[in-house]
There are 2 protein chains.
Amino acid sequence: MTKSVLKLSRETTMKRSNTQKLKDALEEDIINGQLLPGAKLDHDALAAKYGVSRTPIREAIQQLVVSGLVTVKAKKGTFVAKVGFDQLIEMFEVMAELEGMCGRLAARRIQPDELEALRAALYRCEDPDVMSDPDDYYYENEEFHSCIYAASHNSFLASEARQLKQRLKPYRRLQLQTRNRVSTSVSEHRRIFEAIEKGKEFEAEQQLKEHVLIQGTRFSDFMSQVKAFGHTSQDAS
Amino acid sequence: MTKSVLKLSRETTMKRSNTQKLKDALEEDIINGQLLPGAKLDHDALAAKYGVSRTPIREAIQQLVVSGLVTVKAKKGTFVAKVGFDQLIEMFEVMAELEGMCGRLAARRIQPDELEALRAALYRCEDPDVMSDPDDYYYENEEFHSCIYAASHNSFLASEARQLKQRLKPYRRLQLQTRNRVSTSVSEHRRIFEAIEKGKEFEAEQQLKEHVLIQGTRFSDFMSQVKAFGHTSQDAS
DNA sequence: TTGTTGTATATTGTTGTCAATAGGAATTGA
DNA sequence: TCAATTCCTATTGACAACAATATACAACAA
């Protein structure tokens with residue numbers, strides 16, 4: 001693993017501290033599956049890999065602990081958080097509620113231009129070319145949901161939902177491989193869109209809740225996939 | 001301000017790092033109003049006050065930034081987060097949703113012993129002696145809501161709700177001084193309890209949402225009080 | 001074989017110091 | 001009097017060395 005040494009070189013226009021850059025880099029690796037739940041994060045190794053001292057690494061890791069992505073076991077090392085079953089279910093339950101709330105508020109508050117943006121996002125999701133490519137669909141799906149977040153006109157809610165979604169992302173990967181996932185998702189999107197378009201708060205909320213909860217596959221299927229992933233039921237927090 | 005030097009002496013049974021103790025101490029000061037929103041947190045001053053070096057303070061502050069209680073303005077200093085109006089409203093909106101969700105789940109999942117605990121908490125809230133003392137009532141009120149959290153059987157939800165409540169606490173203080181607050185709150189509690197007892201999910205959810213949102217006082221009253229507190233509409237995040 | 005004790009090592013916590021950066025003030029010129 | 005430039009200082013970020021602590025492992029004894 002000799003690559004990605006000094007990934008911290010990019011500078012857009014903002015000046016960011018090494019700690020922040022480290023935090024983002026680790027976060028991304030965790031979310032995108034480069035670092036799997038349970039993987040050990042060795043301070044010295046990371047310090048060497050990124051060419052910085054241990055302090056920024058300590059601080060970055062501590063911040064990730066606060067946001068729940070990693071856990072430190074005293075004198076045992078720091079590891080990518082591995083959330084147990086029960087908590088995973090609990091988190092999805094909350095995620096569904098937040099998404100549902102976004103939908104309800106969006107149905108009530110969406111503005112004409114936002115509605116058109118949402119419609120455009122829906123159309124892109126329904127494009128056969130997009131549907132056939134998992135990466136493309138993943139991106140457009142995110143866009144669709146982002147539109148709903150924006151339309152909820154509650155930026156705090158949006159950021160909370162986004163944060164929780166990120167935290168769940170390492171485990172959501174498992175769902176996407178289910179058969180017919182995409183086509184099911186698309187038809188759910190259409191129902192969600194129509195509910196929002198017509199201002200049906202309750203229906204938008206319900207549709208979104210289900211969209212998150214069952215994610216087009218039976219929940220037991222999902223559970224068994226998670227089980228197969230090798231979790232027992234410990235840690236996190 | 002010579003007091004509280006080395007508040008970090010208490011040891012229950014756990015060993016906690018200075019950073020963690022600092023974080024808790026600052027958190028508590030912020031939540032309990034010792035440190036008002038907008039107050040400056042001087043690293044050196046804190047280092048002197050608590051008798052530690054600057055590093056634990058740095059780290060504690062960084063963690064508080066992640067959880068949203070403080071903000072750092074580049075090269076200007078770090079300050080207790082002062083959330084603006086709009087975001088305050090947004091946060092209350094989310095808080096209401098989470099509380100409502102707790103109530104809904106509790107109505108569906110509460111166990112006999114939990115129901116009795118909730119009933120007992122309700123009775124304590126209704127005790128005239130308790131109602132007459134703001135501090136007592138505050139405590140018992142917290143207990144009542146804690147029972148609902150527990151009965152939701154979703155510990156993740158409970159911790160998220162608790163965290164958000166803490167973050168709002170500096171501003172909730174303003175509500176408690178409203179006339180008839182306690183007696184209104186108590187009767188709301190009874191309605192909430194009855195809804196949960198009878199398993200009426202929807203009603204429990206609605207009651208709790210309103211309980212949080214209007215908090216017995218008209219929202220505009222609350223808003224004007226907040227305004228009087230001296231916020232304009234900046235920072236946070 | 002099992003239990004205990006001691007040592008070694010890995011990991012985390014703390015400190016003092018240095019460097020860089022941005023804000024503000026003061027001085028100088030018009 | 002006003003504006004611009006320069007210098008000073010407050011503040012944050014980073015580092016390396018030091019210290020403390022708990023765990024793991026091995027050796028030894030019962």
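All values derive from a computational prediction rather than experimental measurement. Chain naming here is simple, since letters A, B, ... match the order of the sequence lines and numbering starts at 1 in each. The figures here come from the full heavy-atom set of this structure, side chains too, leaving out hydrogens, waters and symmetry mates.
Base pairing of D:dA30: its partner is C:dT1, meeting the Watson-Crick or G-U wobble criterion (both donor-acceptor distances under 3.5 Å).
The OH-P distance, from A:Tyr50 to D:dC15, rounds to 15 Å in whole Å.
Just one of A:Thr78, A:Ile57, A:Leu22, A:Val52 meets the side chain to side chain contact (heavy atoms under 4.5 Å, CB included) condition when paired with A:Leu46; it is A:Ile57. Of the candidates A:Glu114, A:His153, A:Arg104, A:His153 is the only one forming a side chain to side chain contact (heavy atoms under 4.5 Å, CB included) with A:Arg109.
Residue-environment remark: CZ (A:Arg108) stays at or below the threshold of 12 foreign heavy atoms within 6.0 Å.
Legend: residues meeting ring pair (Phe, Tyr, Trp, His ring centres under 6.0 Å) with B:Tyr149, ordered by chain and number and at least two apart, are absent.
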Worksheet, complete the sentence: In 5'-to-3' order, the base (B), backbone-only (S) or no-contact (-) status of each nucleotide in nucleotides 7-22 of chain C, using a 4.0 angstrom heavy-atom cut-off, is ----BBBBBB----BS
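Separating the CG atom in B:Asn154 from the CD atom in A:Gln87 is a distance of 9.0 Å, to the nearest 0.5 Å.
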